[in-house]
Amino acid sequence: MSWAFARPFLKNQPSTPQHAPRLRELFWFNLPLTMGGYFLSLSTVLLAGIMARAPEPERMIPVYYLSLGLASPVAFAASRMQTIVLAFPPADQHRRQTLRFAAAAGFVLGLLPLVFILPGPAEFYYVRLQNLNPGDLDWVRQTAAGLALLPLAVALRAQSEGLAAWLKKPLIVLCGHAVFLLTASAAGILALSAGMPGCLIGAASLPLGSLASSATMRLALKRHRA
């Protein structure tokens, strides 16, 4: 569908004197991004294994994934910040409109799933629709509150990814995603050692991973521009 709608615009694209990228260039640009995406996916698998070792996994894991089921769509929406940065690249390194927009958009998106932890919507969605034990609603509310930071953290990470892609520095993105994997896993292990409930382990580890990833990429970009 995207290809069909984009065709008229692609036909009207003016020709540029720059040489067209070769398949080899496209491959080596894409490879680090693909590996980075694998790191992001692997982190969810590792966190699931960590949460399964926390007390009462048969209760805590469903609570976590039910809460994540509402946080994930808005977090995915926040990841579109990468496209926004590529569409509106900064004119110079001192202009941070997309960074401010990412922070504002991530904050607002994080508030949306919290509607479902209010009395009434919580009972309807989690208990009646998702068949959650009513006794676990307090855990859902705590988990959802922690995951409210996830869209903000993802938006900031995606904004950094967009800047790195704009500068054609895919290795910086790969490095950021590797830090995401290490940070989320380390946070999960530390939380498990501290006796944190499994649902809160995931709720805390994912935002921390994204924030660490964003900080790493921004630091690398700052050194690149220096």
Side-chain angles (χ1 to χ4, degrees), residues 32-82 102 106-107 109-114 116-117 125-126 130-133 136-161 173-218:
L33 303 180
T34 302
M35 294 175 62
Y38 175 75
F39 288 158
L40 296 180
S41 300
L42 182 60
S43 65
T44 62
V45 177
L46 294 178
L47 281 178
I50 293 171
M51 289 186 290
R53 286 160 175 77
E56 297 186 287
E58 68 281 355
R59 292 180 62 199
M60 297 297 102
I61 290 181
V63 164
Y64 169 72
Y65 280 108
L66 283 177
S67 303
L68 187 64
L70 292 177
S72 289
V74 290
F76 179 78
S79 71
R80 299 300 89 193
M81 276 304 307
Q82 184 179 123
F107 175 77
L109 288 170
L111 296 178
L112 297 180
L114 297 183
F116 291 91
I117 66 174
Y125 178 75
Y126 288 110
Q130 300 290 355
N131 201 31
L132 179 73
N133 185 339
D136 291 335
L137 269 179
D138 286 340
W139 285 118
V140 164
R141 290 189 169 99
Q142 294 181 48
T143 306
L147 287 172
L149 295 175
L150 182 60
L152 173 61
V154 170
L156 296 176
R157 189 193 78 213
Q159 195 264 351
S160 301
E161 292 170 354
V173 178
L174 176 61
C175 181
H177 289 175
V179 169
F180 176 95
L181 174 62
L182 294 174
T183 302
S185 301
I189 293 172
L190 290 175
L192 177 64
S193 301
M196 184 179 290
C199 58
L200 300 183
I201 290 176
S205 300
L206 285 181
L208 285 175
S210 283
L211 291 175
S213 175
S214 177
T216 300
M217 286 185 281
R218 299 195 72 83

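Values below: all heavy atoms of this structure, side chains included; hydrogens, waters and symmetry mates excluded.
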Roughly how far, to the nearest 0.5 Å, is the OH atom of Tyr64 from the CG atom of Leu200? 11.0 Å
Tell me, do Glu161 and Met81 make a side-chain contact under 4.5 Å, heavy atoms counted? no
Considering all heavy atoms, the nearest Phe116-Tyr125 contact: CD2-CB, 3.8 Å
Considering only heavy atoms from C-beta outward, does the side chain of Leu47 approach that of Thr44 to under 4.5 Å? no
Minimum heavy-atom distance Pro113-Ala71, with the two atoms named: CG-CA, 4.3 Å
Can you check whether Cys175 reaches Thr216 side chain to side chain, under 4.5 Å on heavy atoms? yes
Is there a donor-acceptor pair closer than 3.5 Å between any side-chain N or O of Ser214 and the backbone N or O of Leu211? no
Can you tell me how far apart CG (Leu181) and CG (Leu42) are? Round to the nearest 0.5 Å. 5.0 Å
Is the closest side-chain heavy-atom distance between Leu70 and Leu147 below 4.5 Å? no
For residues Gly188 and Ile50, report the shortest heavy-atom separation together with the two atoms involved. O-CG2, 3.5 Å
May I ask you to test the Leu174-Phe39 pair for a side-chain heavy-atom distance under 4.5 Å? yes
To the nearest 0.5 Å, what is the distance between OG on Ser213 and CG on Leu40? 7.0 Å
So do Leu66 and Trp139 actually touch side chain to side chain, heavy atoms under 4.5 Å? no
Can you name the nearest heavy-atom pair linking Ile61 to Ala48, along with the distance? CD1-O, 4.5 Å
Quick check: closest heavy atoms across Ala102 and Ala155, and the distance to 0.1 Å? O-CB, 3.4 Å
Check whether Ser210 reaches the backbone of Pro207 with its side chain - one donor and one acceptor, N or O, closer than 3.5 Å. no
Ala158 to Ser79 - nearest heavy-atom pair and separation: CB-O, 3.5 Å
Output the distance between atom CZ (Arg80) and atom CG (Leu109), rounded to the nearest 0.5 Å. 12.5 Å
Does atom CZ of Phe107 have more than 12 heavy-atom neighbours, drawn from other residues, nucleotides or ligands, at distances under 6.0 Å? no
For Thr143, is there any backbone N or O sitting under 3.5 Å from a side-chain donor or acceptor partner on Ser67? no
From Leu46 CG over to Ser185 OG, what is the distance, rounded to the nearest 0.5 angstrom? 4.5 Å
Leu192 CG to Met51 CE distance, which is reported to the nearest 0.5 Å: 11.0 Å
